[in-house]
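Since the structure comes first, as structure tokens, the remarks are kept for the end.
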Amino acid sequence: MLQSLKIENYALIKQCDISFPQGFSVITGETGAGKTILLGALSLVLGQRADTNVLMDKEKKCVVEAVFTMQNDEPTQLLFKENDIDFDVETIFRREILPSGKSRAFINDTPVQLSVIKLFATQLVDIHSQTSTINLKDRHFQLSFVDNFLADKTNLENYRKLFVEYKTLEKEIQNLKDKEAEFLKDKSYNEFLFNELEQANLQEDEQEQLEEEIDLMSNAETIKDNVLSSLFLFDNENDNNILHDLTTVKNNLQHISSHNKMLAELLERVNSSCIELKDIYQELSSFDESIVFDKERLEQDNNRLTLIYNLQTKHNVQTIKELLAIKDELDTKLQFSFSVGELLENKNKEKETLLSQLDKLAQTIHTQRLSSAKEIEEKIKPLLASMSMKDAVLKVNVENLASLNENGSDSVCFLFSANKTKDNSLSDMSKVISGGELSRLMLALKAVVAERFALPTMVFDEIDTGISGDIASKAAEIMKQIGNNHQVIVITHLVQMAAKAQNHYKVYKQVVDKQTISNISLLNQEERLKEIATMISGDSITKEALANASKLLE
């Protein structure tokens with residue numbers, strides 16, 4: 001349950017710190033005093049998004065802190081453990097909105113994401129806002145209400161998980177079909193391109209080798225002339241050649257190298273040069289022998305290189321390596337086009353299996369919903385009768401549809417009649433119910449849920465709109481009954497509701513330093529008597545109003 005709520009710098013609230021006991025509590029105050037602001041602050045600390053518009057002082061941060069008493073049971077402790085938060089029976093939820101617009105959230109001083117705060121909130125508080133009653137007319141809300149009333153939600157949870165798998169599989173199948181259509185459209189062309197590259201039998205380094213070989217053969221005559229000329233300088237019949245002259249130098253230095261260190265070093269260098277020149281001579285001789293002009297080979301090489309160039313131009317690449325990568329890509333596409341049929345067949349079989357499982361679960365859920373609908377109808381009738389709607393009938397119509405969706409195969413519609421009719425006909429609730437009847441019906445539904453499933457704390461923002469007189473007293477009695485087993489906090493304008501509460505808070509405005517701020521306080525018995533009298537007669541409290549207030553509080 002909610003122990004306390006501390007608010008700083010939020011909307012019209014500068015600072016307040018208020019405790020909430022167990023049981024039935026009401027919050028009253030003039031219109032615009034800030035009652036709904038309290039609900040907004042509670043929603044903020046439980047994960048609602050906000051921006052700097054909530055800051056009263058735009059230069060200071062807003063802080064909302066709520067302390068809850070947690071159940072010390074295994075599921076609750078597991079929730080803390082799964083989110084890496086230290087468990088404490090008195091757990092503090094804190095939300096901060098900085099002037100920069102950044103938001104921070106904490107549970108027991110551990111920083112958490114808003115999603116974690118929201119997860120905890122679903123286990124702690126049921127907040128009924130002013131729009132919730134209007135939502136009762138919505139078919140999705142009605143279905144959700146019936147589902148919340150299910151005694152066992154396991155089948156519905158399993159169905160929803162399975163339905164996500166089913167929709168994911170449907171997307172995979174559609175993607176495969178799209179790819180299959182794309183590949184089939186281009187299959188013939190891709191086969192042609194692949195075969196062309198396959199027949200070319202390309203080798204990664206052959207382009208460079210061909211270019212070198214063609215260049216060599218195309219210039220064979222010039223190359224051979226220069227090589228022969230160079231060889232002649234190395235070794236000719238006369239003594240006037242490079243090796244002969246250098247050998248002479250070497251011999252000369254050998255005779256004198258022992259007389260000077262530098263001469264010895266020069267001899268060593270000349271000797272190395274002789275060895276290197278002889279090696280050059282041998283390689284030039286071998287190269288000269290390898291130069292063979294082959295017209296037919298040159299033509300073959302040119303044709304091969306032209307083929308490579310044409311393929312590179314065709315595929316807009318520069319290297320054989322890129323051509324080989326394109327060939328592999330084409331091969332992958334062709335292999336996929338051959339295997340996609342079998343893959344689709346397997347996926348469709350998987351889809352049929354999931355669909356069969358979903359159908360079975362949907363039928364089981366349909367049966368559960370029919371049972372819940374009947375139970376809701378039976379429990380609602382006496383509650384409506386207690387609020388002067390003894391002839392009112394609510395029919396929870398659960399229709400089994402042909403198609404499946406994320407909630408199964410059902411459509412839920414609340415059929416309603418506030419009065420007896422000759423043919424006992426019922427109409428779509430959204431078309432025939434009045435505002436006051438809608439409020440009473442919502443209150444009755446909340447009471448039904450509270451009997452079995454309600455969260456520890458239930459907060460209602462003017463759920464009694466459109467109710468007055470004796471009906472208001474009966475509605476207040478129902479709220480009091482809910483408060484016997486739950487913490488109930490009601491924002492109300494009804495005197496009857498305020499008088500039935502065990503605890504009464506008042507929200508009021510005051511001007512401090514030329515600034516209007518909202519405050520809230522827990523009323524003692526005397527203050528409560530005056531507040532209820534004010535609610536009856538206005539600011540000018542009469543004796544009759546005080547007497548009526550005193551009687552209501554008996």
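The model shown is predicted, which means the values in this text are computed figures rather than measured ones. Throughout, residue positions are numbered sequentially from 1 according to the sequence presented.
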Exercise. Can you name the residues that form a side chain to side chain contact (heavy atoms under 4.5 Å, CB included) with Q525, not counting sequence neighbours?
Worked result: L553

For this session: I would like to know whether N72 and Q77 meet side-chain hydrogen bond (donor to acceptor under 3.5 Å, both in side chains); could you show each step before the answer?
Result: CA-CA 7 Å; N72 192 3; Q77 291 193 8; 2.5 Å; yes

Exercise. Just checking, is any N or O donor in the side chain of T110 or N108 under 3.5 Å from an acceptor N or O on the other one?
Worked result: no

Exercise. Which heavy atom of S103 sits nearest a heavy atom of I97, and at what distance?
Worked result: OG-CD1, 3.7 Å

Problem set entry | Side-chain touch Y508/S521, heavy atoms, less than 4.5 angstrom | yes

Exercise. Sequence neighbours excluded, which residues qualify as salt bridge (charged side-chain N to carboxylate O under 4.0 Å, His left out) partners of E477?
Worked result: K500

Problem set entry | Check: Q510/N519 side-chain N/O donor and acceptor closer than 3.5 Å | yes

For this session: Identify whether the distance between the nearest side-chain nitrogen and carboxylate oxygen of D126 and K446 falls below 4.0 Å.
Result: yes

Exercise. If you measure only the distance, is there a donor-acceptor pair under 3.5 Å linking the side chains of Q363 and D359?
Worked result: no

Seminar exercise, completed: For residues 466-475, the salt bridge (Lys or Arg N to Asp or Glu O under 4.0 Å) pairs (sequence neighbours left out) are D470-K474

Exercise. Where the side chain of K58 meets the backbone of L55, is there a donor-acceptor pair that is under 3.5 Å apart?
Worked result: yes

Per-pair distances, 0.1 Å, donor-acceptor, side chain in residues 341-351, under 3.5 Å, sequence neighbours excluded:
unit_1: N346; atom_1: ND2; unit_2: E342; atom_2: O; d: 3.4
unit_1: K347; atom_1: NZ; unit_2: E172; atom_2: OE1; d: 2.9
unit_1: N348; atom_1: ND2; unit_2: L344; atom_2: O; d: 3.1

Exercise. So how far is it from L42 CG to L38 CG, rounded to the nearest 0.5 Å?
Worked result: 9.0 Å

Exercise. K530: what forms a salt bridge (charged side-chain N to carboxylate O under 4.0 Å, His left out) with it, not counting sequence neighbours?
Worked result: E526

Exercise. Are side-chain heavy atoms of V64 and E8 found at a separation under 4.5 Å?
Worked result: no

Exercise. Does anything in residues 489-499 pair up under side-chain hydrogen bond (donor to acceptor under 3.5 Å, both in side chains), and if so which pairs, sequence neighbours excluded?
Worked result: E462-H493, D464-T492

For this session: Begin from the C-alpha positions of F149 and E375 and carry the test side-chain contact (heavy atoms from CB on, under 4.5 Å) through to its verdict.
Result: CA-CA 9 Å; F149 203 77; E375 186 176 358; 3.5 Å; yes

For this session: Please determine, by modelled atom types, if Q487 and T457 share a side-chain donor-acceptor pair under 3.5 angstrom.
Result: yes

For this session: Step through the shown structure and confirm whether more than 12 heavy atoms of other residues, nucleotides or ligands are within 6.0 Å of CG on D391.
Result: yes

Problem set entry | Check: Q515 side chain, V512 main-chain N or O, donor-acceptor pair, under 3.5 Å | no

Problem set entry | Residues in side chain to side chain contact (heavy atoms under 4.5 Å, CB included) contact with S115, at least two apart in sequence or another chain | Q113

Exercise. Partners of K167 by salt bridge (charged side-chain N to carboxylate O under 4.0 Å, His left out), sequence neighbours excluded?
Worked result: E170

For this session: Scan for salt bridge (Lys or Arg N to Asp or Glu O under 4.0 Å) pairs involving residues 485-497, sequence neighbours excluded, and state none if there are none.
Result: none

Exercise. Just one of L441, V396, N397, L415 clears the side-chain contact (heavy atoms from CB on, under 4.5 Å) bar with M429, so which one?
Worked result: L441

For this session: Quick one: closest heavy-atom pair of L404 and S409, and the distance?
Result: CD2-CB, 3.7 Å

Exercise. CG of L5 to OG of S19: how many Å apart, nearest 0.5 Å?
Worked result: 10.0 Å

Exercise. What pairs meet the salt bridge (Lys or Arg N to Asp or Glu O under 4.0 Å) rule with one or both residues in residues 63-85, with sequence neighbours excluded?
Worked result: none

For this session: Verify whether one side chain among T364 and N155 offers a donor that lies under 3.5 Å from an acceptor in the other.
Result: no

Exercise. Going through the checks in order, is the side-chain contact (heavy atoms from CB on, under 4.5 Å) test met by V125 and F68?
Worked result: CA-CA 10 Å; V125 185; F68 283 89; 3.4 Å; yes

Exercise. Does a side-chain heavy-atom distance below 4.5 Å link N83 with L119?
Worked result: yes

Exercise. Under 6.0 Å between the ring centres of F80 and F120?
Worked result: yes

Exercise. Taking the six-membered ring where the residue is Trp, are the ring centres of F93 and F106 under 6.0 Å apart?
Worked result: no

For this session: Indicate whether any N or O donor in one side chain lies under 3.5 Å from an N or O acceptor in the other, for Q3 and T69.
Result: yes

Exercise. Side chain of K6, backbone of C16: donor and acceptor closer than 3.5 Å?
Worked result: no

Exercise. Thinking salt bridges, do R139 and D428 make one under a 4.0 Å N-O criterion?
Worked result: yes

Exercise. Looking at M387 and A444, what are the two nearest heavy atoms and their distance?
Worked result: CE-CB, 4.0 Å

Exercise. Which residues pass the salt bridge (charged side-chain N to carboxylate O under 4.0 Å, His left out) test with D147, sequence neighbours left out?
Worked result: R160, R369

For this session: Return each pair, listed once, that meets salt bridge (Lys or Arg N to Asp or Glu O under 4.0 Å) where at least one residue sits in residues 100-110; pairs must be two or more places apart or across chains.
Result: R94-D109, E96-R104

Seminar exercise, completed: Interatomic distance, CG@L438 vs CG@L443, rounded to 0.5 Å, equals 11.5 Å

